[in-house]
J.: 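This is the structure I want to talk about, given as structure tokens.
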Amino acid sequence: MAMNSRALQETALRYFLAVVKNGSISEASLKLNVAASAISRQIARLETELDTQLFERRARGMVPSAAGELLAAHARRMQLETDRIASEIQALQGLERGTVRLASSEGFAVDFIPLAIARFRRRYQGIQFRLSVSSPAEVTRRIREGEVDIGLTFSLAPERDIQVESRQRSRIQALMAHDHPLAGRREVKLSQLQPHPIALPPPETTLRQLFDICCSQQNLIFESVFTSNYTEALVNFAMLGGGIALAGEISIRHRLLHDRLVAVPIRDTGMDARHVELQTLANRTLPAATGAFVEHLKGMMEAGRP
């Protein structure tokens, strides 16, 4: 049945997306400060005019149906396109104004992204930035749901509705102080790390998952002397001589340039299975400032230096 465009008005879609995000009409009511009955009427009218069920009503809340998922994707893109047009109207004289919303996993937020922003703003001083730090999966979700414009994260597999602007393999490296016994090597194997204290991220991270898989394949057992979900703490532990930590090259590139620690590639098969991805929402036209910053990040990533 043809979609009735009269149903797709701004208020109805805003209420609809709030229910999708919060999982119930009552929660959406609290977030929007709008009566639950008003939200319920808008949802009912959308379902009537589109002649389809948009939600599955469950005991613990409401989950979008297949049609609801399609409408949610459409509504998010409409909101983003409206924001883009408004931004470009404000900046008709060039990249003089605008806000770029980013999300990244923690490793990129310490040095790489701040340096990228600082360099970009030397040329475009009117552009503002908002960065949120999340797990890799959460970064991708924020892109998909239109909460941010750009994501920089690690990925193990392709994601739906995601445009990959730049992608490069990220071999895991062993980080250590300059006086560490392994610091002079061009590369190391996992078995050579065993005699030394090691600091690891928790099991839910992509880095730890690859590390554990590769160790399991070789029957290697490591006992982490320091475990943390805060990457910066692990890197500083290695830099200060406490032992070995692990990281991808981009996330510690700035410190390597300033000779603050040593990074030795780990040569074992599988330790390069992660990829760094620069992500945007598929089939979306980016605002001018966002598009320019995407190109700026691509250049920094692909040049192999900050």
Side-chain angles (χ1 to χ4, degrees), residues 3-87 89-90 98-106 109 128-153 159-162 204 229 279-287 289-290:
M3 181 175 288
N4 185 341
S5 61
R6 288 186 299 119
L8 303 183
Q9 59 179 291
E10 181 180 353
T11 300
L13 286 180
R14 186 160 57 90
Y15 290 0
F16 166 75
L17 283 177
V19 177
V20 171
K21 182 174 184 178
N22 293 284
S24 72
I25 288 175
S26 59
E27 286 297 317
S29 172
L30 291 173
K31 294 290 184 181
L32 294 172
N33 196 25
V34 173
S37 58
I39 297 175
S40 182
R41 283 196 301 272
Q42 292 285 1
I43 299 299
R45 190 175 66 79
L46 276 173
E47 292 184 321
T48 298
E49 296 201 16
L50 296 175
D51 194 25
T52 190
Q53 183 176 328
L54 297 175
F55 290 97
E56 297 175 10
R57 275 72 171 177
R58 299 181 180 176
R60 295 187 177 181
M62 298 169 68
V63 177
S65 64
E69 291 282 5
L70 285 174
L71 181 59
H74 167 78
R76 290 184 189 115
R77 285 189 170 87
M78 283 183 62
Q79 286 187 341
L80 292 170
E81 183 66 7
T82 299
D83 292 343
R84 180 186 71 84
I85 292 171
S87 174
I89 287 174
Q90 293 175 346
T99 299
V100 177
R101 303 172 304 162
L102 303 107
S104 80
S105 41
E106 184 201 329
Q128 299 177 340
F129 292 83
R130 296 177 186 170
L131 171 65
S132 59
V133 178
S134 309
S135 67
E138 181 71 2
V139 170
T140 300
R141 182 199 66 77
R142 288 172 178 263
I143 289 288
R144 184 180 295 118
E145 297 189 4
E147 295 178 9
V148 297
D149 307 304
I150 303 170
L152 186 62
T153 188
E159 295 279 355
R160 64 178 178 85
D161 300 327
I162 296 297
E204 62 268 19
N229 63 352
Q279 301 177 344
T280 59
L281 184 65
N283 302 315
R284 178 193 173 195
T285 302
L286 295 173
T290 303

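In this text the structure is predicted, and so the values were computed from the model without any measurement. Residue indices begin at 1 and follow the sequence shown.
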J.: Would you say that V63 contacts F55 through its side chain, given a criterion of any heavy-atom pair below 4.5 Å between the two side chains?
T.: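 Heavy-atom side-chain distance check fails, nothing below 4.5 Å.
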J.: For the pair K21 and E147, find out whether any cationic side-chain nitrogen is under 4.0 Å from an anionic carboxylate oxygen.
T.: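 Between E147 and K21 there is a salt bridge, with a charged N closer than 4.0 Å to a carboxylate O.
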J.: Set out, in order, the CA-CA distance, both residues' side-chain angles and the distance that settles salt bridge (charged side-chain N to carboxylate O under 4.0 Å, His left out) for E69 and R160, then state yes or no.
T.: CA-CA 13 Å; E69 291 282 5; R160 64 178 178 85; 5.0 Å; no
J.: Do R77 and H74 come within less than 4.5 Å of each other through their side chains, counting heavy atoms only?
T.: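 Answer no - side chains too far apart.
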J.: Working to the nearest 0.5 angstrom, can you tell me the gap between Y15 OH and R45 CZ?
T.: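 The OH atom of Y15 sits 11.0 Å away from the CZ atom of R45.
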J.: Got a donor-acceptor contact below 3.5 angstrom from the S29 side chain to the V34 backbone?
T.: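 Yes, S29 side chain to V34 backbone: donor-acceptor pair under 3.5 Å.
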J.: Any donor-acceptor pair under 3.5 Å linking the side chain of S40 with the backbone of A36?
T.: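 Side chain of S40 to backbone of A36, a donor-acceptor pair under 3.5 Å: no, none is there.
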J.: Distance check, rounded to the nearest 0.5 Å: E27 atom CD versus I39 atom CD1?
T.: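 Spacing of CD (E27) from CD1 (I39) equals 10.5 Å.
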J.: Heavy atoms, side chains only, cut-off 4.5 Å: are E47 and T52 in contact?
T.: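 Side chain of E47 against side chain of T52, heavy atoms only: no contact under 4.5 Å found.
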J.: Is there a side-chain contact between V148 and V139 (heavy atoms, below 4.5 Å)?
T.: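 No, every pair of side-chain atoms sits at 4.5 Å or beyond.
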J.: Would Q279 and T153 count as a side chain to side chain donor-acceptor pair (under 3.5 Å) here? Give the steps.
T.: CA-CA 8 Å; Q279 301 177 344; T153 188; over 6 Å; no
J.: Going from CG on L32 to CG on L17, what distance comes out if it is rounded to the nearest 0.5 angstrom?
T.: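 Rounded to the nearest 0.5 Å, the CG-CG separation comes out at 10.0 Å.
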J.: Please examine the side chains of S132 and L102, heavy atoms only from C-beta on, and report whether any two atoms are closer than 4.5 Å.
T.: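 With C-beta onward as the side chain, the pair stays apart.
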J.: Is the backbone N or O of L54 less than 3.5 Å from a side-chain atom of S65, with the two atoms forming a donor-acceptor pair by type?
T.: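 Such a contact is found between S65 side chain and L54 backbone.
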J.: Do R142 and S134 have side-chain N/O donor and acceptor atoms under 3.5 Å apart?
T.: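 Yes.
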J.: Is there side-chain contact between L13 and Q42, with at least one heavy-atom pair below 4.5 Å?
T.: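 Sidechains of Q42 and L13: no contact.
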J.: Rounded to the nearest 0.5 Å, what separation is found between the CD1 atom of I150 and the CG atom of L152?
T.: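 It comes to 9.5 Å.
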J.: Regarding R58 and E56, does a basic nitrogen lie under 4.0 Å from an acidic carboxylate oxygen?
T.: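 E56 and R58: salt-bridged.
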J.: Do R144 and I162 come close enough that some side-chain heavy atom pair is under 4.5 Å?
T.: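 They are in side-chain contact.
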J.: Can a donor-acceptor pair be found, under 3.5 Å and without considering hydrogens, that links the side chain of D149 to the backbone of T290?
T.: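 It does not hold such a pair.
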J.: Are L286 and R284 packed together at the side-chain level, in the sense that at least one heavy-atom pair is separated by less than 4.5 angstrom?
T.: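 The answer is yes; the side chains approach within 4.5 Å.
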